[in-house]
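As the structure lists them, so they are numbered: ligands from 1, and atoms in each ligand from 1. All values below were derived from every heavy atom in this structure, side-chain atoms included, with hydrogens, water molecules and symmetry-related copies excluded.
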Amino acid sequence: MVIDACHEERADQRPRLPVRRAFTLGVVGLLTAAGVLTLAGTASAASTLGGAAAAKGRYFGAAVAANHLGEGQYAATLDTEFNAVTPENEMKWESVESSRNSFNFGAADQIVSHAQGKSMKIRGHTLVWHSQLPGWVGGLGATDLRSAMNNHITKVMQHYQGKIYAWDVVNEAFQDGGSGARRSSPFQDKLGDGFIEEAFRTARAADPNAKLCYNDYNTDGQNAKSNAVYAMVKDFKARGVPIDCVGFQSHFNSQSPVPGDYQQNLQRFADLGVDVQITELDIEGSGSAQADSYRRVTQACLAVSRCTGITVWGIPDKYSWRASGTPLLFDDNYGKKPAYDAVLAALGGSGGGDGGGGGGRSCTVSYAETQRWGDRFNGQVTVRAGSSAISGWTVTVTLRSAQTVSATWNGSPSWDSSGKVMTMKPNGNGNLGAGASTSFGFTVMANGDWSAPTIGSCTAS
Ligand code: G3I
């Protein structure tokens, strides 16, 4: 195997010494103090990354490794949260054609059939790349190399014809640094600059329905490298070379943070008439700083109408390609990190929902104590619809053990057998337009406990 030049060149992405991993506790829907607290309650589609992205006309994907699919939590998180996948290594040249013209699609097929079973989009990664390239390719002379490259593109794309949303046809063909030059590789060195154009033309012929992308890293802001890619795409569009999209890998850390002109850079490529996609997102760090960076990336994509989706480069931190650190949205135990909440909120979704099938409808709740007497207090819950209209809502109110409820209004309550958990549904006030609100109330006999009851998250229908 050829040494991965991107590992060699990116000091910012070298494996680090092990660091303590941040764990996030999934505390959802707890209201413990008097006063007002808005709960990120929810319904279904908008309570997952994929569902919320879909409501914005985008996909939200993850890089997936076939050998993790058998792990229950891994597959469950993938299936619940994501609506797109990219095989992390399984479609690379060394995986599918380690000997010339002898193809092995086993591991990649596993991912493709899993994704198809869940109606997920699939990004094909990648056809022509200097890394993870079997040794025999580098040993070929120009004529043989050209025919091997075109044969590889054709056979792989035809195997997956009709199943792939977008292919990274050529990956990482430009050098870092200020020159904007092409990276040395067997393709560049023996076939010259024209190899990229040839690869795209061959790809279009092999599967005319797949979108054809150029994909690279450190092209996320405006710099010499992204300018060189920009010039190439502009030239391709002007000359009718088939290219449909540009992938921005977006591997970020403290030395290489989300650039200030990230959105403008995506936009200038989109203005050339191609889709743009965030293809390998991961951001080193933890807590609110990491969450803020993830939020900015998500907002930038949403602000560019031709940004069709975001893919994170892995699911839990423990499976990141980075040898240490915590760059992803889920911790080692599949707990949702603050970065997850930030992305979901930026997508217009809200956490804590039931995870299934509500068609983009969502609602949030907030609570306030409105009046207090010597032995009782009134509580009021405001229910607000998310970005879509809703026709019903359900909210639970859990009393403290000493408390009882003596009256309710503007809702239809039912009680569990303990008499402490009230499930409130509408009483003529279930239809709410997008962003509209209603409220229901209740009187709590405190019996010495003046704590606010626990208000559960809101489920919309
Ligand atoms: O499968 C072998 C295993 O049999 C062997 O025991 C083990 C020992 O090292 O290696 C395993 O292969 C590793 C492979 O990942 C699968 O885990 C390779 O050594 C390792 O180099 C390879 O790393 C991949 C890297 O690309 C290679 O360049 C990462 O998983 C993958 O996340 C990473 O992805 C790239 C994108 O394709 C392009 N952009 C940058 C991105 C991050 O580097």
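- In summary, the side chains of R183 and Q175 do not present any donor paired with an acceptor at a separation below 3.5 Å, with no hydrogens or angles considered.
- Considering backbone and side-chain N/O atoms, W129 never comes within less than 3.5 Å of an N/O atom of ligand 1.
- Interface atoms of ligand 1 facing E88, defined by a heavy-atom separation under 4.0 Å, are 29 (C), 30 (O), 31 (C), 32 (O).
- Applying the 4.0 Å criterion to heavy atoms of H251 picks out, from ligand 1, the atoms 40 (C), 41 (C).
- When heavy-atom distances to ligand 1 are checked against a 4.0 Å cut-off, Y217 has no atom that comes that close, whether in backbone or side chain.
- Contact atoms of ligand 1 toward Q249: 39 (N), 40 (C) (distance under 4.0 Å to a heavy atom of the residue).
- Atom 24 (C) of ligand 1 has its nearest heavy-atom neighbour, among D168, N89, N67, in N89.
- Looking only at atom types and distance, the side chain of E71 has a donor-acceptor partner in the side chain of Y334 under 3.5 Å away.
- Atom numbering of ligand 1 starts at 1 in the shown order; those under 4.0 Å from a heavy atom of S131 are 28 (O).
- Side-chain atoms of Y294 and D292 form no donor-acceptor pair, as typed in the model, at a separation below 3.5 Å.
- Under 4.0 angstrom from ligand 1, the non-hydrogen atoms of N171 all belong to its side chain.
- A salt bridge does not link E197 to R204: none of the charged side-chain nitrogens sits closer than 4.0 Å to a carboxylate oxygen.
- Relative ring orientation between F103 and F105 is described as parallel, the plane-to-plane angle staying below 30° on a 0-90° scale split at 30° and 60°.
- Using modelled atom types, one finds a donor on one side chain and an acceptor on the other under 3.5 Å when comparing Y165 with T308.
- For the ligand labelled ligand 1, residue T126 lies outside the 4.0 Å heavy-atom shell.
- No donor-acceptor contact under 3.5 angstrom links the side chains of N265 and D220, judged on distance only.
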